[in-house]
Structures are given as C-alpha cells and as structure tokens.
Amino acid sequence: MDFLRPTTWEEALAVKADQPEAVPIQGGTDVMVEINFDVRRPVALLDLNRVAELREWDLVAGVCRVGAGVPYTAVIEDLGGTLPGLAQASRTVGSPQIRNRGTVGGNLGAASPAGDSHPPLLAADAVIEVESRERGVRMIPAAAFYLGVKRSALEPDELIKAVHVKPATGPQYFSKVGTRNAMVIAVCSFAVALHPEERRVGTGIGSAAPTPRRALEAEDLLARELDWDAPDLDPALLKRFGLLCAGAAAPIDDVRGTAEYRVHAIDVMARRTLTWAWNDYLGRRAA
C-alpha cells in the first residue's frame with residue numbers, strides 16, 4: 001500500500017488525478033477502522049493532513065466556509081453560535097480523541113447513512129465544495145451529494161475541499177438515538193433548522209434510509225401551515241409533522257435496531273426537536 005503525503009492542495013489534486021484509486025485520509029476515524037478490520041485494502045492512501053488550508057474556516061459573503069480538514073472539536077469550540085446544529089451533532093461524535101481527529105469532510109467522504117454531520121448539513125441547506133485538477137471546482141448541494149450506502153456524488157478524481165453553510169438565522173437542534181449514551185454509531189438521528197426569515201423549516205434524517213435525506217413532505221407541511229406568529233405549536237400540526245418525517249424514512253433491520261423502531265424513533269425525535277426549536281424561537285422573539 002502506497003502512502004502519499006502532499007503538502008499543498010495543488011499537489012493533492014495532482015496525486016488524485018494521477019491515482020484516482022488513492023483513498024483520501026485526514027483523521028482516519030473511518031478509513032483506518034475499515035483497514036484494521038480488513039473491510040477494504042486500498043492500493044494507496046492520500047494523506048491530507050499536511051494541506052494546511054483544509055484546516056481553516058472563515059465567513060465569506062455571508063456564508064461560513066468550513067475546510068474539509070477542520071476537526072469536530074473546532075466546530076464545537078469556534079462555530080457553536082454560527083452553526084449550532086452542526087456543533088450539536090459534532091458533540092455526539094465518538095470520544096474527545098475522535099473529535100480531535102475526525103472531520104466533517106471525512107464524514108462526507110465516507111458517506112455513511114449513519115454519519116452524524118449529515119442531518120444538520122441537510123437541514124441547513126449546506127453545499128459541498130469539491131475540486132479536481134482537470135475540471136476545477138463543483139458546488140454540490142448536500143441533498144444531491146448522497147447517492148447510496150457509502151456512495152456520494154464525488155467523481156474518482158475529485159476531493160472535498162470545504163463545506164459552505166449559511167450562519168443560522170434561527171434555532172437548530174440535533175437528536176440522536178444510540179445503543180448507549182457515548183461513543184456509539186447512531187441507530188437513527190434527526191436534525192431540524194428553523195429559517196424564520198424565509199418562513200420555513202429544514203430537516204435531516206440519518207441512519208434510517210440508504211442515504212441521509214430530508215423529510216420534504218414534512219417541510220412542505222410546515223411551509224403551508226405553521227403560524228410563525230402563534231404563541232404555541234399546534235399539537236395536531238406537530239403530530240402530522242412527526243408522522244411525515246417518519247414516513248420519509250426507509251430503514252432496515254440490523255444489529256443496532258429494527259426498522260420498526262427506527263420509524264418510531266424518527267417520529268419522536270422530529271416532534272421533540274421541533275418543539276425545542278420552537279420554544280427557543282419563542283424565547284428569542286420575546287427578548
């Protein structure tokens with residue numbers, strides 16, 4: 001197995017173009033597990049840790065650009081107020097050691113349906129910046145990025161460079177069910193993001209379908225019927241929202257949980273996170 005270590009982004013793109021079979025590695029929290037358990041044996045690893053610009057984040061034209069190498073710890077500590085949903089999800093990832101190494105870019109590259117960052121990225125309408133040496137930059141909406149179980153829209157010669165997310169204009173919440181409280185792969189997860197200025201709500205479902213996905217019918221329901229000036233959530237509307245979110249899931253039975261349980265859990269988490277977000281919204285409105 002070759003181990004390739006570019007020091008610049010241009011070198012990384014050149015290596016990926018010349019050896020598209022090379023597997024990118026940053027924190028290694030997904031790739032090394034697969035290698036250690038002999039799930040995969042790539043012909044080459046493309047170590048991106050020396051590419052300094054991937055570890056940077058900034059605000060550009062009102063959008064937060066998070067480099068693919070920014071670790072979860074930095075998301076939690078530096079971006080909790082700007083991207084609260086993503087920061088909440090980052091807090092649930094593994095242990096402190098894993099959060100110090102693991103990255104949102106790596107989570108996207110693995111494209112696992114159970115990845116914790118996917119639901120909040122979907123709910124917040126994130127866009128993934130990818131690049132190849134030959135074709136340049138592509139901007140892929142998160143909703144179009146996931147194609148199947150551990151399959152993404154990345155072409156063989158492309159690398160993930162950054163994630164673009166608008167700073168939150170309203171409350172965002174993330175909920176996750178696992179077989180224990182820490183260091184666990186999600187049985188299922190759910191994220192919600194309120195966009196008060198647009199009078200809409202974004203959603204994200206994780207580990208309950210072949211890909212992370214939005215609950216589009218549930219979003220449409222709230223766009224039509226949610227009264228943003230009301231003091232309380234209509235219980236009947238909240239119930240319909242939960243059922244539509246559960247209906248958007250397409251889970252399987254596996255060692256972590258049954259399909260039936262996952263559908264039920266998505267219903268509960270959808271209603272719970274929307275209630276949290278709405279109460280937060282009411283508090284801000286009253287302030």
Side-chain angles (χ1 to χ4, degrees), residues 59 62-64 75-76 78-92 116-127 141-143 165-178 181 186-209 212-249 261-287:
L59 285 170
V63 176
C64 187
V75 174
I76 296 166
D78 300 336
L79 296 172
T82 305
L83 307 176
L86 185 60
Q88 287 177 25
S90 297
R91 291 188 186 97
T92 74
D116 293 317
S117 70
H118 306 317
L121 291 177
L122 286 166
D125 302 312
V127 177
V165 193
K166 292 182 180 179
T169 58
Q172 299 180 354
Y173 281 87
F174 174 80
S175 183
K176 171 180 171 179
V177 173
N181 288 332
V187 174
C188 55
S189 58
F190 189 85
V192 68
L194 268 58
H195 304 281
E197 295 175 357
E198 303 171 46
R199 292 295 193 261
R200 67 180 184 88
V201 175
T203 61
I205 297 172
S207 201
R213 59 175 57 176
R214 292 166 59 182
L216 295 176
E217 290 187 22
E219 293 181 18
D220 291 342
L221 171 71
L222 296 184
R224 295 192 312 270
E225 300 188 24
L226 180 60
D227 182 356
W228 290 83
D229 298 316
D232 298 301
L233 272 174
D234 178 358
L237 181 63
L238 183 62
K239 181 177 181 180
R240 291 164 62 196
F241 174 74
L243 290 173
L244 286 174
C245 289
Y261 175 75
R262 285 184 164 99
V263 169
H264 170 70
I266 293 295
D267 178 10
V268 173
M269 288 192 293
R271 289 184 281 114
R272 186 174 293 166
T273 53
L274 181 58
T275 300
W276 293 339
W278 185 259
N279 290 338
D280 193 345
Y281 167 70
L282 290 180
R284 299 184 191 190
R285 197 174 68 183

Below 30° counts as parallel, above 60° as perpendicular, anything between as tilted: where do the rings of Trp228 and Tyr281 land? perpendicular
Sequence-distant partners of Tyr261, ring-ring contact (aromatic ring centres under 6.0 Å, His included), two or more places apart: none
Ala123 to Gly204 - nearest heavy-atom pair and separation: CB-N, 4.1 Å
Are any of the side-chain heavy atoms of Asp125 and Arg200 separated by less than 4.5 Å? yes
Would you give me the side-chain donor-acceptor pairs under 3.5 Å for residues 233-242, sequence neighbours excluded?
from	atom 1	to	atom 2	distance (Å)
Asp234	OD1	Ala236	N	3.0
Arg240	NH1	Glu225	OE1	2.9
Arg240	NH2	Glu225	OE2	3.1

With rounding to the nearest 0.5 angstrom, report the CG to CZ distance, Leu194 to Arg199. 10.5 Å
Mind checking what makes side chain to side chain contact (heavy atoms under 4.5 Å, CB included) contact with Asp232, not counting sequence neighbours? none
Whether the side chain of Gln172 engages the backbone of Ala87 through a donor-acceptor N/O pair (distance < 3.5 Å, no angle test) should be reported. no
Interatomic distance, Ser117 atom OG to Leu83 atom CG [nearest 0.5 angstrom]: 11.5 Å
Separation of Leu222 CG from Glu217 CD (nearest 0.5 Å): 12.5 Å
Indicate the atoms forming the closest heavy-atom contact of Phe190 with Pro119, along with that distance. C-CB, 4.4 Å
Lys176 side chain vs Asp116 backbone, donor-acceptor pair below 3.5 Å: no
Side chains of Cys188 and Ile205: closer than 4.5 Å at any heavy-atom pair? no
At their closest point, which heavy atom of Ser207 faces which heavy atom of Ala186, and how far apart are they? OG-O, 2.9 Å
As an exercise, state the distance from OG1 of Thr203 to CG of Leu216, rounded to the nearest 0.5 Å. 6.5 Å
Residues that Arg214 engages under side chain to side chain donor-acceptor pair (under 3.5 Å), provided they are two or more places apart: Glu219
Quick one: closest heavy-atom pair of Ala230 and Leu282, and the distance? O-CD2, 3.7 Å
Side-chain donor/acceptor pairs under 3.5 Å, residues 264-277, sequence neighbours excluded:
from	atom 1	to	atom 2	distance (Å)
Asp267	OD1	Arg271	NE	2.9
Thr273	OG1	Met269	O	2.8
Thr273	OG1	Ala270	O	3.3
Thr275	OG1	Arg271	O	2.7

Nearest heavy atoms of Ala126 and Val165, plus distance in Å: CB-CG2, 3.8 Å
Does the side-chain contact (heavy atoms from CB on, under 4.5 Å) test come out yes or no for Val201 and Leu226, once each step is laid out? CA-CA 9 Å; Val201 175; Leu226 180 60; 4.2 Å; yes
Give the minimum heavy-atom separation between Val187 and Gly178, together with the two atoms involved. CG2-CA, 3.9 Å
What pairs of residues pass the salt bridge (charged side-chain N to carboxylate O under 4.0 Å, His left out) test when at least one of them lies in residues 278-287, not counting sequence neighbours? Asp280-Arg284
